[in-house]
Amino acid sequence: MLAALRDKATLSVAEYMELALSHPEYGYYMTRDPLGAAGDFTTSPEISQIFGELCGARIADQWQRAPSPEALLLELGPGRGTLMNDALRATKHIPGFHAAINVSLCEISPVLTGIQRATLANTHPRIQWRKQLLPLPPQPLFFIANEFFDALPIRQFIGTQERMVHHDNGTLWFVPETGDIRETCEPGMHIMTALATHIAQHGGAGLVIDYGYTGGSRGDTLQAMRNHAYANPLHEPGQADLTAHVDFDALMEVAHHCGTQVSLCTQEQFLRQCGAELRAGALCRNATEAQAATIRSALERLMSPAQMGELFNVMMVTP
Ligand code: SAH
């Protein structure tokens, strides 16, 4: 990875993140499956099937309000394909939905694309992969993005000065080191602009689920995760997951500006409204006592305010 840095003595935080995550040879996502117990972090769809099932049901519910004969069901950053697999299974019985949709997975990682292909084999007759979001077909767009926006490169500013990453001889450091940090995520703004503009024009709906904040800057949110623990973001670039908290005010503002309606709630509220407890009850009825305990503790992890319930927000975009 350090070889990839050699061309430039100084990088913006965004350039550094981009290289560390998506460099074709050394990039973190490009070279491994980062998810699960053997990886570096675990996401909601990997914790419980209920998560993907309810995301699918919520999106299909939006489709049913204005059923269109053709629509695109798009997932951004689909990981192992677990969420889409659960979403497709949960929506199979909805009359006309599977016949109407083309499924598209926007993914840059060749490793994860391979895993998604295996996971999703025989789930739907029309699944395609794309590395870039655009172009989108002129039909209603239903999208889901779980822990996708947090992986997009951010820039950091202290006052009007951009915070940079310097490196020399394998040592990396920030300049300035500290200060009152403000963050922007240009790629996130562009992607939301494209998604919301499309939904305003052609219809559809979207779900953005991520850890993030509202109400103004939270300072430095750049973080590295390795083996399920926080790591130094500058240590061994390409070997740890790098993320930044999502500025939901900024995302909601662009989506609103593009002519869509937006709403925001916590993950706990979202799962409760979608009937997570009922679904867990139904799963438990056909489970052994040990399985039922696992189902309940997984749901607790997703919904409890002390765990993922409040740290994660759900933003819904509708026409
Ligand atoms: N949504 C999944 C995975 C989250 S990890 C889950 O919840 O389990 C982030 C995902 O986004 C990975 O699949 C990663 O390869 C993908 N990704 C990161 N940057 C991307 C980009 N610029 N374009 C498309 N996919 C990207």
Side-chain angles (χ1 to χ4, degrees), residues 18 20-60 63 71-92 94 97-137 139 141-152 187-188 191 194-195 204-210 225 238 241-243 298 302 312:
E18 169 91 39
L21 292 178
S22 344
H23 185 280
E25 264 177 81
Y26 311 104
Y28 176 76
Y29 285 124
M30 307 304 270
T31 51
R32 77 201 69 217
D33 173 8
L35 290 152
D40 294 305
F41 61 97
T42 301
T43 56
S44 299
E46 301 296 332
I47 293 170
S48 170
Q49 68 182 78
I50 295 174
F51 188 82
E53 290 172 348
L54 295 184
C55 287
R58 187 72 188 82
I59 283 292
W63 175 82
L72 189 71
L73 176 62
L74 170 75
E75 186 178 356
L76 297 116
R80 287 179 170 169
T82 307
L83 190 158
M84 185 56 82
N85 188 28
D86 294 333
L88 287 173
R89 192 186 55 252
T91 55
K92 237 180 181 149
I94 294 174
F97 184 60
H98 276 219
I101 53 171
N102 292 299
V103 180
S104 183
L105 301 166
C106 181
E107 175 60 70
I108 47 162
S109 164
V111 179
L112 290 173
T113 299
I115 297 173
Q116 292 154 20
R117 280 187 199 283
T119 309
L120 296 170
N122 311 316
T123 54
H124 192 276
R126 293 176 305 280
I127 307 187
Q128 285 189 326
W129 276 263
R130 56 173 71 215
K131 292 197 172 75
Q132 283 178 334
L133 174 62
L134 298 176
L136 292 166
Q139 36 182 256
L141 168 68
F142 295 87
F143 77 86
I144 304 175
N146 185 59
E147 291 212 42
F148 168 76
F149 281 89
D150 67 41
L152 301 175
I191 289 170
L195 294 168
L207 284 175
V208 177
I209 307 138
D210 230 309
M225 283 294 263
D241 184 37
L242 290 182
T243 59
L302 295 183
F312 279 72

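Counting from 1, the numbers follow the sequence of the chain as shown. A quick note: this is a predicted structure, and the numbers were derived from the prediction, not measured. Keep in mind that the numbers below use all heavy atoms, side chains included, and drop hydrogens, waters and symmetry copies.
Judged purely by atom type and a 3.5 angstrom limit, His98 uses its side chain to pair as donor or acceptor with the backbone of Leu88. The backbone N or O of Thr243 sits nowhere less than 3.5 Å from a side-chain atom of Asp150 that would complete a donor-acceptor pair. In this structure, the side chain of Arg130 engages the main chain of Pro135 through a donor-acceptor pair within 3.5 Å. In this structure, the side chain of His124 does not engage the main chain of Ile127 through any donor-acceptor pair within 3.5 Å. Thr119 contributes a side-chain N or O that, together with a main-chain N or O of Arg80, makes up a donor-acceptor pair within less than 3.5 Å. The main-chain N or O of Ala99 is found under 3.5 Å from a side-chain atom of Arg126 such that the two form a donor-acceptor pair.
Closest approach of Leu112 to Ser109, counting heavy atoms only: N-OG, 3.0 Å. Closest non-hydrogen pair, Glu46 versus Thr82, comes out as OE2-OG1, 2.7 Å. Taking all atoms of both residues into account, the shortest heavy-atom contact from Phe51 to Leu302 is CB-CD1, 4.1 Å. The shortest heavy-atom contact between Asp210 and Phe149 is OD2-N, 3.3 Å. Taking both residues in full, the closest heavy atoms of Asp40 and Met225 are given as CB-O, 3.7 Å, listed atom of the first, atom of the second, then distance. For Cys55 against Ile209, the heavy-atom pair with the smallest separation is SG-CD1, 3.8 Å.
Considering OG1 of Thr91 and CG of Leu73, their distance stands at 7.5 Å, rounded to 0.5 Å. With rounding to the nearest 0.5 angstrom, the CZ atom of Arg117 is 4.5 Å from the CH2 atom of Trp129. The structure places OH of Tyr28 at 9.0 Å from CG of Leu21, a figure rounded to the nearest 0.5 Å. With values rounded to the nearest 0.5 angstrom, Leu72 atom CG is found 9.0 Å from Ile101 atom CD1. Atom CD1 in Ile191 sits 9.0 Å away from atom CG in Leu134 (nearest 0.5 Å). Atom CG in Leu136 sits 10.5 Å away from atom CZ in Phe143 (nearest 0.5 Å).
Side-chain contact between Met30 and Ile108 is present, with heavy atoms from C-beta onward closer than 4.5 Å. Side-chain contact between Val208 and Leu76 is absent, with no heavy-atom pair separated by less than 4.5 Å. Between Pro78 and Gln116 the shortest side-chain heavy-atom distance falls below 4.5 Å. Between Leu74 and Phe142, every side-chain heavy-atom pair lies at or beyond the 4.5 Å cut-off. Put simply, the side chain of Gln139 reaches to within 4.5 Å of the side chain of Asn102, judged on heavy atoms. For the pair Leu120/Leu105, a side-chain contact is recorded, criterion being any heavy-atom separation below 4.5 Å from C-beta on. Using a 4.5 Å heavy-atom threshold, the side chains of Tyr29 and Ser22 count as separate.
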Please assess Ile115 against Leu35 for the test side chain to side chain contact (heavy atoms under 4.5 Å, CB included), listing each intermediate value before the final yes or no. CA-CA 11 Å; Ile115 297 173; Leu35 290 152; over 6 Å; no
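Side-chain atoms of Glu107 and Thr113 include no donor-acceptor pair closer than 3.5 Å.
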